[in-house]
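First comes the structure, then the notes that go with it.
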Amino acid sequence: ADEPKSLPDYAAWKDRNALIVHSANTMETHRGAIGTGVITPSEKLFVRNNLPAPPASVTEDPDAWEVRIEGVNKPATLTLAELKTLRVTTVASVLQCSGNGRAFFAHGAGGTQWSVGAAGCVMWTGVPLKDVVEALGGPVDGARYITSTGGEALPDGLDPKTLVVERSIPVKAMDSALLAWAMNDTPLTLTHGGPLRMVVPGYYGVNNVKYVKTVALTENQTEAKIQASGYRIRDVGVKGAPDQPSMWEMNVKSWVTAPLKSGQSGRNMIYGVAFGGTVSLEKIEVSTDGGKSWSPARFLGPDLGPYAWRPFVMAVDLVDGEYRIVSRATDVKGNTQPENRTENERGYGHNGWSDHGVTVTIS
Ligand code: MSS
């Protein structure tokens, strides 16, 4: 077996025992470390970097960080200190990688083999993007996308478009997007995109551009590879292309977090987390017979809004035996998790309830 990997320097402050370290750029939360809280402690939150992070020095004087705003009537470069003079907002939202659940695909989807832990629910604090755009005279005519660029240094000699983390999202996301400088009430760490990050509640992780250095309202989507052909849903064996669905809004999803392997006969508490992506949940159900019969579970803790997840619990009496425990969430629009995954080349957007279950022995 491989030696257990240690945490990379830029994430050394993380709780090593809570994480599966896939690589220096990819760490996921153990299913058993997700817990029953509404907010994921920062030390346990997953990390995913497509490129090496910028040097730690960028977070030494966060207020000096500059972001260029384009595609507005009065384009400007603003410091984080200036952004802080505008309106402040806080939102709880699920941050989830597009490939969370990739490990369950059977065709060998390329990329990090995330199980359930490339997701967490955190509090973001910053300025609503809407307010920034309004302060700069509003969007230019014909703006259809919000295009954000990450602040990583790119190696010389390579076409920047093949590497840059630059993502476009529909302009309607302006209603909820924010430029965030704090996570879980602490200045945003380099690990999670400090000093400043584009946060798009309800959208997959990749759209939440870290160390954001430019935000532009654009007529078209960026031609950067990560947008044009990356993070696109297509059939197995098919190459990515701009006409395929982009990993934007998240779908309804849930999974069990305890018990994971064994339990004692008698009363058992089954825990998990569930979220609707861009809308609130209607209900969460749990099955202990692999989905043949379902019972309602109960949400735990406060409802922090449509973008947050809801921990849940179901109390059940179990006799000795083996149980396949699965959960199934339904959102307020009536979308219910499907039983099976939608096969796709890169293993994106898996919300099928069957694969996400656990097999538990009660004795
Ligand atoms: N940003 C930048 N700048 N860079 C990179 O790399 N990545 C992505 C996002 N953003 C990046 C960015 C991804 S892809 C994800 S998931 C996220 O981020 C994560 O986060 P954290 O904080 O956890 O690390 Mo998939 O869809």
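Keep in mind that the numbers below use all heavy atoms, side chains included, and drop hydrogens, waters and symmetry copies. Just follow the structure's listing: the first ligand is 1, and inside any ligand the first atom is 1.
Taking both residues in full, the closest heavy atoms of Gly305 and Ser280 are given as C-OG, 4.5 Å, listed atom of the first, atom of the second, then distance. Across all non-hydrogen atoms, the minimal contact from Ser327 to Trp294 is C-CZ3, 3.8 Å.
The Gly150 neighbourhood of ligand 1 comprises atoms 3 (N), with distances under 4.0 Å to a heavy atom of that residue. Using a 4.0 Å cut-off to heavy atoms of Val47, the atoms of ligand 1 that qualify are 23 (O), 24 (O). Residue-ligand proximity, Leu51 to ligand 1, at heavy-atom distances under 4.0 Å covers atoms 6 (O). Ligand 1 places these atoms under 4.0 Å from at least one heavy atom of Tyr211: 3 (N). Listed by number with element, the atoms of ligand 1 under 4.0 Å from a non-hydrogen atom of Leu95 are 20 (O), 21 (P), 22 (O), 23 (O).
In this structure, the side chain of Glu282 does not engage the main chain of Asp331 through any donor-acceptor pair within 3.5 Å. The main-chain N or O of Arg324 is never found under 3.5 Å from a side-chain atom of Asp289 such that the two would form a donor-acceptor pair. Thr162 places no side-chain N or O within donor-acceptor distance of the main-chain N or O of Pro160, the cut-off being under 3.5 Å. Counting only distance, with no hydrogens or angles, the side chain of Asn208 and the backbone of Gly205 share a donor-acceptor pair below 3.5 Å. The main-chain N or O of Gly352 is found under 3.5 Å from a side-chain atom of His350 such that the two form a donor-acceptor pair.
At the top of the distance list for atom 4 (N) of ligand 1, counting protein heavy atoms only, stands Glu152 OE2, 2.7 Å. If you check which protein heavy atom lies closest to atom 19 (C) of ligand 1, you get Arg48 O, 3.6 Å. For atom 13 (C) of ligand 1, the closest heavy atom belonging to the protein is Val206 CA, 3.6 Å. Looking from atom 9 (C) of ligand 1 to the surrounding protein, the closest heavy atom is Gly205 O, 3.3 Å. Taking atom 18 (O) of ligand 1 as the reference point, the nearest protein heavy-atom neighbour is Arg197 NH2, 3.0 Å. Nearest protein neighbour of atom 7 (N) of ligand 1, counting heavy atoms only, is Asn50 OD1, 2.9 Å. Ranking protein heavy atoms by distance to atom 23 (O) of ligand 1, first place goes to Phe46 O, 2.8 Å. Of the protein's non-hydrogen atoms, Asn208 O, 3.0 Å is the one closest to atom 10 (N) of ligand 1.
Residue contacts with ligand 1 include Asn49, since one of its heavy atoms falls under 4.0 Å from the ligand. Residue contacts with ligand 1 do not include Arg167, since none of its heavy atoms lies under 4.0 Å from the ligand. Proximity of Tyr204 to ligand 1 is not established, as no heavy-atom distance is less than 4.0 Å.
Under a cutoff of 6.0 Å and an axis angle of 45°, Arg197 and Trp181 do not form a cation-pi pair.
The heavy atom nearest to atom 25 (Mo) of ligand 1, considering only Gly230, Cys97, Gly194, is found in Cys97. Of the listed options Ala119, Ala118, Ala53, Ser98, Ser98 places a heavy atom closest to atom 26 (O) of ligand 1.
Applying the ring-ring contact (aromatic ring centres under 6.0 Å, His included) test to every pair with at least one member in residues 207-235, sequence neighbours left out, gives these pairs: Tyr231-Tyr348.
Of the N or O atoms in Lys210, one or more lie within a sub-3.5 Å distance of an N or O in ligand 1.
Ion pairing between a basic and an acidic side chain is recognised when a charged N comes within 4.0 Å of a carboxylate O; Lys84 and Glu82 show no such pairing. Using a cut-off of 4.0 Å between Lys/Arg side-chain N and Asp/Glu carboxylate O, Glu343 and Arg341 are scored as salt-bridged.
Partners of Asp61 by side chain to side chain contact (heavy atoms under 4.5 Å, CB included), not counting sequence neighbours, listed by chain and number: Asp63, Ala64.
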